[in-house]
Amino acid sequence: MTAAHTPLARLHGRTAPGVPRWAVRAAYLTSLTVLPAGLWRVLAVDFRLPLMDAPADGTPPPDWFGGEWWYVIALSVVSELLAFLAVGLVSEWGEVWPRWIPVLGGRRVPVLAAVIPAGLGAAFNTLLWPYSLTMVSLGYRVDGTPGVGLHVSAWRDVVFCAAYWPLAAWGPLLAVLTVHYHRRRRASALQPVQ
């Protein structure tokens, strides 16, 4: 089985020329940072595994929280797909539009068409997750008011942190990949055609 026919190569396409191994690993790690939180959400909300305590004040969860099972699954799938786009920053499909895309298929991806959304995603995730997770870990709501909105205890705290703290790496990893992509694509555009 050649490298082009491995399941991994079929999933993300071939690695673009000039991409170092560390960048490929960082791209896959970026997509994996979202997976534990998505699994936790689906298991806790849709499958009702006891990963959360009932609120001490007896207030029921919002209607969408478990009432709309598809919302939690869709949120997890969309989050994973967005994180998987980091693989495009190291793959050929991040440099040339796939042929199945109407009008654009086969054309070069403009550098800024990848860098701007990736940069915005990196900034958003770098600001959101470390702050939010720090607040929740310290027992505050995201808005800074005391009292955890999510009720977990003992071993549930450990499982929650293990599932959600990897999200704190999503933004910084994506930022590194975005800078690398921009520099690599700009450097290849500046090289003379032989």
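Please read all numbers here as calculations on a predicted model, not as lab measurements.
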Exercise. Does the distance from a Lys or Arg side-chain N to an Asp or Glu carboxylate O, for Glu95 and Arg184, drop under 4.0 Å?
Worked result: yes

Taking the side chain as every heavy atom from C-beta outward, state whether [X] and [Y] have any atom pair closer than 4.5 Å.
{"X": "Val109", "Y": "Val96", "answer": "no"}
{"X": "Thr33", "Y": "Trp129", "answer": "no"}
{"X": "Thr145", "Y": "Tyr140", "answer": "no"}
{"X": "Arg185", "Y": "His180", "answer": "no"}
{"X": "Val176", "Y": "Trp22", "answer": "yes"}
{"X": "Leu174", "Y": "Leu89", "answer": "yes"}
{"X": "Ser31", "Y": "Glu80", "answer": "yes"}

Is there a path of hydrophobic side-chain contacts, each under 4.5 Å between heavy atoms of I, L, V, M, F, W or Y residues, that connects [X] with [Y]?
{"X": "Leu43", "Y": "Trp70", "result": "yes"}
{"X": "Val78", "Y": "Leu32", "result": "no"}
{"X": "Val111", "Y": "Val87", "result": "yes"}
{"X": "Val34", "Y": "Phe124", "result": "yes"}
{"X": "Leu81", "Y": "Tyr71", "result": "yes"}

Which atom of [X] lies closest to which atom of [Y], heavy atoms considered:
{"X": "Pro117", "Y": "Leu112", "result": "CD-O, 3.8 Å"}
{"X": "Val115", "Y": "Thr178", "result": "O-CG2, 3.8 Å"}
{"X": "Pro166", "Y": "Ala162", "result": "CD-O, 3.3 Å"}
{"X": "Trp170", "Y": "Thr30", "result": "CD1-CG2, 3.6 Å"}
{"X": "Ile73", "Y": "Val42", "result": "CG1-CG2, 4.2 Å"}
{"X": "Pro130", "Y": "Thr126", "result": "CD-O, 3.1 Å"}

Exercise. Looking just at side-chain N and O atoms, do Arg41 and Tyr164 make a donor-acceptor pair shorter than 3.5 Å?
Worked result: yes

Seminar exercise, completed: Under a side-chain separation threshold of 4.5 Å, the hydrophobic residues clustered together with Leu173 are Leu29

Exercise. Transitive ILVMFWY cluster of Val103 at side-chain heavy atoms under 4.5 Å: who else is in it?
Worked result: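 Direct or chained contacts put Val103 with none.
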
Problem set entry | Separation of Trp40 CH2 from Leu35 CG (nearest 0.5 Å) |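 Reported value, rounded in 0.5 Å steps: 15.0 Å.
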
Problem set entry | Exceeds 12 heavy-atom contacts within 6.0 angstrom, atom OH of Tyr131 | yes

Problem set entry | Derivation and outcome, side chain to side chain contact (heavy atoms under 4.5 Å, CB included), residues Leu167 and Asn125 | CA-CA 8 Å; Leu167 288 171; Asn125 285 302; over 6 Å; no

Exercise. Can Tyr181 and Arg186 be said to form a side-chain hydrogen bond (donor to acceptor under 3.5 Å, both in side chains), step by step?
Worked result: CA-CA 8 Å; Tyr181 176 88; Arg186 284 291 178 206; over 6 Å; no

For this session: Test side chain to side chain contact (heavy atoms under 4.5 Å, CB included) on Thr134 and Trp165 and set out the steps.
Result: CA-CA 9 Å; Thr134 300; Trp165 267 103; 3.5 Å; yes

